[in-house]
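Naming convention: chains lettered A, B, ... in sequence-line order (proteins, then strands); numbering from 1 in each chain.
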2 protein chains.
Amino acid sequence: MADSGRGPRERMVFSAAQLIRRGGVTATSMRDVVAHARAPRGSLQHYFPGGKDQLVNEAVDWAGRYAAKRIARFLGEMPEPSPSGLFAAMVRQWTDEYETVGFASGCPVAAATADCAESTESTRTAAAAAFACWRRPVAEALTEMGVPSQRAESLATLMISTLEGAILMARAERDAGALTTVARELAPVLDGAVTRRR
Amino acid sequence: MADSGRGPRERMVFSAAQLIRRGGVTATSMRDVVAHARAPRGSLQHYFPGGKDQLVNEAVDWAGRYAAKRIARFLGEMPEPSPSGLFAAMVRQWTDEYETVGFASGCPVAAATADCAESTESTRTAAAAAFACWRRPVAEALTEMGVPSQRAESLATLMISTLEGAILMARAERDAGALTTVARELAPVLDGAVTRRR
DNA sequence: CGCCGCCTATGACGCGCGTCATAGTAGCGG
DNA sequence: CCGCTACTATGACGCGCGTCATAGGCGGCG
């Protein structure tokens with residue numbers, strides 16, 4: 001969450017993701033992005049000759065990779081990993097944010113999907129890639145914990161779907177209750193899928 | 001899904017919901033709405049003096065009530081109701097749509113939340129109300145099936161969250177797989193919550 | 001120095017938006 | 001026929017958008 005990535009280009013992509021998280025793709029203007037990134041406006045057409053689409057797609061891309069990296073981080077921080085523990089960590093990231101800085105932002109991939117899935121093929125593809133990029137480490141972690149690999153894929157899909165939906169609901173209600181609820185309710189089915197001891 | 005509600009006013013609200021489903025709130029213009037509803041443009045300021053916000057809020061409202069009514073309908077169609085059966089029906093509504101007319105549209109409440117939760121308080125409130133309106137009959141149905149009422153509330157939240165997330169994923173990937181997956185994986189935990197025979 | 005890449009600066013263009021102002025029409029009770 | 005209310009019609013306004021065109025600075029290398 002550092003305010004500045006190294007180069008101005010990185011900062012713009014990061015800022016785009018940040019703004020898309022808040023208000024959606026359509027409501028995020030390129031002028032807003034350069035202002036938020038404290039970047040020169042002239043750099044837009046230099047770094048992103050593909051226009052807004054390119055910027056948005058890279059922001060979605062970045063978000064997918066970021067989510068994937070978080071999974072690895074969560075696993076590293078867990079003394080004894082379990083499926084429910086991983087999901088709890090994923091959920092906690094959001095409850096923490098909502099409790100500390102408020103309910104201003106959702107998931108940029110979700111916003112991009114809702115806004116662009118029909119209008120902009122390339123962004124839809126980017127969102128699909130982001131989901132896949134996010135799901136992979138989750139599924140791998142589950143198999144590592146002893147979940148059969150096919151089942152792990154399904155559960156990864158379940159975890160991310162449920163998380164995304166709960167984020168939406170929590171934001172609408174300005175109450176993180178939905179997040180904690182789904183974490184609690186999903187725990188047994190996740191842990192129940194472990195067939196071999198690690 | 002009838003193309004025309006009775007009055008022009010109803011048609012406009014319905015069309016707004018329809019367009020928001022596709023491209024989000026910000027990308028949906030009021031001129032688009034009247035065109036889609038084949039309604040006179042002059043009627044906008046007559047029926048919706050509150051401007052776009054009012055129109056959007058009523059569309060979200062409509063969507064919430066529509067979802068709630070569908071739950072009642074599903075229950076009526078099920079010979080022997082079960083939690084997993086209800087969830088399967090909710091999911092099937094979306095897989096059916098995606099298989100027949102394509103992945104153009106998502107959930108209007110989700111889109112409104114992603115686009116307006118931060119920018120427009122009234123719409124955020126409308127979305128929260130829509131979720132609540134949708135959740136109530138689900139929870140009631142679960143208690144009717146023998147789920148303890150507090151648990152039923154939690155499971156209703158889980159079902160709707162998971163469904164919303166799976167809709168997003170399916171739309172991004174243009175593949176209803178996520179929907180069928182979550183229906184399958186959630187079934188046991190839902191049915192396992194029934195403590196008394198009906 | 002001179003030149004040439006990279007990056008930045010800035011103003012303009014055309015468009016579509018939400019909103020407003022003003023006027024017009026239809027039906028109907030008096 | 002009048003007048004009133006409900007609804008429709010239409011053009012204008014101001015704004016912010018994405019994009020483009022053009023013109024710089026500016027550091028390094030021959």
Next item on the list: Kindly indicate, with the supporting measurements, whether the criterion side-chain contact (heavy atoms from CB on, under 4.5 Å) is fulfilled by A:Arg65 and A:Cys133.
Entry: CA-CA 6 Å; A:Arg65 280 197 307 269; A:Cys133 176; 4.1 Å; yes

Show the atom names and distances, to 0.1 Å, of all donor-acceptor pairs under 3.5 Å that link a side chain in residues 160-173 of chain B to residues at least two apart or in another chain.
unit_1   : atom_1 : unit_2   : atom_2 : d
B:Ser161 : OG     : B:Thr157 : O      : 2.9
B:Thr162 : OG1    : A:Thr162 : OG1    : 2.9
B:Thr162 : OG1    : B:Leu158 : O      : 2.8
B:Arg171 : NH1    : B:Ala104 : O      : 2.5
B:Arg171 : NH2    : A:Ala114 : O      : 3.1
B:Glu173 : OE2    : A:Arg135 : NH1    : 3.1
B:Glu173 : OE2    : A:Arg135 : NH2    : 2.9

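At a cut-off of 3.5 Å, with distance as the only test, a side-chain donor of B:Ser122 or B:Asn57 sits close to an acceptor on the other residue. In this model, a donor atom of one side chain and an acceptor atom of the other lie less than 3.5 Å apart for A:Glu58 and A:Gln54.
Think of the region where chain A sits on DNA chain D: with heavy atoms and a 4.0 Å cut, that region ends 5' and 3' at D:dC17 to D:dA21.
A search for side chain to side chain donor-acceptor pair (under 3.5 Å) contacts involving A:Arg136 returns nothing, not counting sequence neighbours.
Identified under the ring pair (Phe, Tyr, Trp, His ring centres under 6.0 Å) test for residues 103-132 of chain B, with sequence neighbours left out: B:Tyr98-B:Phe103.
At least one side-chain heavy atom of A:Val194 sits under 4.5 Å from a side-chain heavy atom of A:Pro83.
Along DNA chain C, the nucleotide closest to A:Pro40 and the one closest to B:Ala27 are compared, and the more 5′ of them pairs with A:Pro40.
Under a 4.0 Å N-O distance rule, the pair B:Glu99/B:Arg92 does not qualify as a salt bridge. Salt bridge absent: B:Glu118 and B:Arg124 never bring a charged side-chain N and a carboxylate O closer than 4.0 Å. Between B:Glu97 and B:Arg21 there is a salt bridge, with a side-chain nitrogen of the basic residue lying less than 4.0 Å from a carboxylate oxygen of the acidic one.
A:Thr26 comes within 4.0 angstrom of nothing in the nucleic acid, heavy atoms only.
Contacts with DNA chain C (heavy atom under 4.0 Å) in residues 42-55 of chain A: A:Gly42, A:Ser43, A:Gln45, A:His46, A:Tyr47, listed by number. Near DNA chain D, meaning a heavy atom under 4.0 Å away, there are no residues from residues 112-126 of chain B.
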